[in-house]
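Only one structure is covered here, and it is reproduced in the block below.
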Amino acid sequence: MAGFFAEVYRLVALIPRGRVATYGQIAAYLGSPRAARTVGWAMRQAPEQLRLPCHRVVSATGQLAPDHAFGGAQVQRAMLESEGVAFGPEGCVDVDAHLWRIADDPRLRTRRGGNPAGGLGSAS
DNA sequence: CATTTGACTTTGA
DNA sequence: TTCAAAGCCAAAT
């Protein structure tokens, strides 16, 4: 089991409804901010049996996955809209408005109430 | 073991 | 501002 993939799958599975996450964001949370492409790969290989809300994962620009991903980007958009996600005029998700804050998820918080906000050592 | 791919991101012109 | 190219990481072949 690809460790990295497992992390991606688990994280994607935690994406709240009505919220969207970007590949780079997920990759960054896993410790590799440059591995956005790898995250996308995990999605492609993502077993459907896991029922991952991959439709909630979009590019940083809010662009949805290619047509061959869900059987049609239109379908993905419909699912997101059904969850309450707002879309732009170009059919892109309003990422800035619905971006899921990974570090903000209670399940990801360390039990010691440590550092939800700042998060992983990111020192600019 | 080396090469290729990929559902991305960022920077340059 | 919009369009184009390079870079990076991890897994699959």
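Below, chain A is the first sequence line, B the second, and so on; all start at residue 1. As the structure is a prediction and not an experimental result, all values here were calculated from the model. Just so you know, these numbers use all the heavy atoms, side chains as well, and skip hydrogens, waters and symmetry mates.
Pairing each heavy atom of A/Thr22 with each of A/Ala60, the nearest pair is CG2-CA, 3.8 Å. Across every non-hydrogen atom of A/His55 and A/Met79, the tightest pair is CB-CE, 3.5 Å. The minimum heavy-atom distance between A/Gln76 and A/Val57, with the atom names listed, is NE2-O, 3.8 Å. When all heavy atoms of A/Met43 and A/Val12 are compared, the pair lying nearest together is CE-CG2, 3.5 Å. Looking at every heavy atom in both residues, A/Phe70 comes nearest to A/Ala65 through CE1-CB, 3.8 Å. A/Ala21 and A/Trp100 get closest at one heavy-atom pair: CB-CE3, 3.9 Å.
The interatomic distance linking A/Ile26 (CD1) with B/dA7 (P) rounds to 15 Å, in whole Å. Straight-line distance from the CG atom of A/Leu52 to the C1' atom of B/dA7: 13 Å, rounded to whole Å. Regarding A/Phe4, its CZ atom lies at a distance of 7 Å from the C1' atom of C/dA10, rounded to whole Å. A/Arg37 places its CZ atom 8 Å from the C1' atom of B/dT5, with the value rounded to the nearest Å. Separating the CG atom of A/Leu11 from the P atom of B/dA7 is a distance of 20 Å, rounded to the nearest angstrom. Rounded to an integer number of Å, the gap from A/Gln45 CD to B/dA7 P is 10 Å. Rounded to whole angstrom, the span from the CG atom of A/Leu30 across to the P atom of C/dA11 amounts to 11 Å.
Residue A/Met43 places its side chain closer to B/dA7 than to any other of B/dA7, C/dC9, C/dA11.
For A/Arg107, the CZ atom is densely surrounded, since the number of other residues' heavy atoms within 6.0 Å is greater than 12.
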Each base of DNA chain B marked ( ) or [ ] if paired in-strand (Watson-Crick or G-U under 3.5 Å), | if paired to another strand and . if unpaired gives .|||||.||||||
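Listed by first and then second residue, the side chain to side chain donor-acceptor pair (under 3.5 Å) pairs involving residues 61-72 of chain A are A/Ser59-A/Thr61 (not counting sequence neighbours).
Near-neighbour residues of DNA chain B inside residues 79-98 of chain A, defined by a heavy atom below 4.0 Å, are absent. Within a heavy-atom distance below 4.0 Å of DNA chain B, the residues of residues 62-77 of chain A found are A/Ala65, A/Pro66, A/Phe70.
No side-chain heavy atom of A/Arg19 sits less than 4.5 Å from a side-chain heavy atom of A/Arg101. For the pair A/Val8/A/Leu52, no side-chain contact is recorded, criterion being any heavy-atom separation below 4.5 Å from C-beta on. Looking only at side-chain heavy atoms (C-beta outward), A/Leu64 and A/Leu80 come within less than 4.5 Å of each other.
When the side chain to side chain contact (heavy atoms under 4.5 Å, CB included) test is applied to A/Glu81, the partners found at least two apart in sequence or on another chain are A/Arg77, A/Phe87.
Hydrophobic clustering (ILVMFWY, side-chain heavy atoms < 4.5 Å, transitive): A/Tyr9 and A/Leu108 are in one cluster.
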Quick test: give all pairs of protein nitrogen or oxygen and nucleotides 9-12 of chain B nitrogen or oxygen below 3.5 Å, distance rounded to 0.1 Å.
unit_1: B/dT9; atom_1: OP1; unit_2: A/Ala60; atom_2: N; d: 3.0
unit_1: B/dT9; atom_1: OP2; unit_2: A/Ala60; atom_2: N; d: 2.9

